[in-house]
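All remarks here apply to the structure that follows.
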Amino acid sequence: MTQATPWLERLCRISAAQSVPDRACAWPQHLGPDDWCMSPELLSPYGTAMYEALDERQRRRLGFFEAVNFFSLNIWGERQLIAGIAPRLYPQDCDATSRYLQHFLAEENRHMALFAEFCGRYAGKVYRQKTWRVPRAHAEGEEEFLFFARVLLFEEIVDRYNVAMSGDSRLPPIVRHIHRTHHGDESRHLAFGRRTVVELFERHAARWAPEALARVRQELEAFLAASWREYYNPEAYADAGLPDPYGCRLRLLADDARQRHHAAFSADSVAYLRRHGILAAEGAQ
């Protein structure tokens with residue numbers, strides 16, 4: 001884990017100063033499929049023939065249910081994060097890392113409450129979680145590293161969406177508020193995550209066998225691809241009234257425009273991991 005440093009102490013101070021949630025934005029009595037709840041450019045069919053075939057009312061309806069899917073993904077992702085962070089508190093003493101992780105947990109709990117309130121209040125449900133992992137043996141330090149690396153990849157994608165939608169005037173104030181609130185805390189989580197991932201890799205990877213390093217890289221690439229697949233939810237397509245929702249998902253995932261979107265939104269994360277030798281250089285095996 002990360003040792004006490006000035007940057008970590010600074011994260012603790014900022015989190016402590018912002019520990020009281022912002023309640024300035026009221027929940028509207030009604031919000032639904034006739035409102036833009038997701039930026040059109042971030043809808044999963046955007047840039048494809050499927051998107052062009054939808055009229056504005058259909059796009060708004062899809063945007064509402066894709067917003068519910070986005071918030072649902074965050075609920076499940078942050079629940080897994082909380083479950084993973086809790087056992088890592090106070091491994092030896094009350095150091096700066098453990099103190100910051102306490103803030104981390106409190107902030108993630110507030111985020112889940114915001115996401116769940118939106119989903120429950122306006123959609124009456126949270127979309128179910130669909131991913132799981134099969135337990136396996138790990139090399140020394142591998143499991144710890146993979147946990148924080150997966151968290152980083154997941155949160156970097158989410159933050160790109162948060163930033164884009166927090167300033168989109170087409171969206172209702174409450175939607176912008178949720179994204180803005182999440183981004184404010186996630187900017188610190190990402191700073192912590194990037195440093196922690198590199199530190200854990202530098203500490204442990206030199207002792208991993210070549211096949212273990214190859215496995216780590218494959219798992220991170222597979223996790224990134226799986227994270228993107230969750231943005232294409234057939235249940236959301238069905239709720240939005242799109243025909244053949246599972247076929248929609250397959251066609252969109254195979255569409256070159258969508259692959260370019262994934263690459264663009266993941267580019268900074270992938271470049272960072274490559275720069276530190278965590279992922280292989282582009283074109284390398």
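Positions are given from 1, in the same order as the sequence printed here.
- Not counting sequence neighbours, the partners of Glu41 by the side-chain contact (heavy atoms from CB on, under 4.5 Å) test are Ser39, Tyr46, Arg170.
- Using a 4.0 Å cut-off between charged nitrogen and carboxylate oxygen, Arg203 and Glu199 count as a salt-bridge pair.
- For Thr48, the side-chain contact (heavy atoms from CB on, under 4.5 Å) partners at least two apart in sequence or on another chain are Pro45, Met50, Tyr51, Leu252, Asp255, Ala257, Arg258.
- Residues passing the ring-ring contact (aromatic ring centres under 6.0 Å, His included) test with Phe64, sequence neighbours excluded: none.
- Every pair passing salt bridge (charged side-chain N to carboxylate O under 4.0 Å, His left out) that includes a residue from residues 117-127 is listed here, sequence neighbours excluded: Glu117-Arg121, Lys125-Asp239.
- Applying the ring-ring contact (aromatic ring centres under 6.0 Å, His included) test to Phe265 and every residue at least two apart in sequence or in another chain returns Tyr161, His261.
- In this structure, Glu202 has no side chain to side chain donor-acceptor pair (under 3.5 Å) partners at least two apart in sequence or on a different chain.
- Ser227 is linked by a side-chain contact (heavy atoms from CB on, under 4.5 Å) to Ile157, Phe223, counting only residues two or more places apart in sequence or in another chain.
- Residues forming a side chain to side chain donor-acceptor pair (under 3.5 Å) with Tyr237 (at least two apart in sequence, or on another chain): Ser44.
- Under the ring-ring contact (aromatic ring centres under 6.0 Å, His included) criterion, Phe65 pairs with no residue, sequence neighbours left out.
- For the ring-ring contact (aromatic ring centres under 6.0 Å, His included) test, no residue two or more places apart in sequence or in another chain qualifies with Phe154.
- Take Glu56 and apply the side-chain contact (heavy atoms from CB on, under 4.5 Å) test, not counting sequence neighbours, and it matches Trp36, Arg60.
- Take Glu156 and apply the salt bridge (Lys or Arg N to Asp or Glu O under 4.0 Å) test, not counting sequence neighbours, and it matches Arg194.
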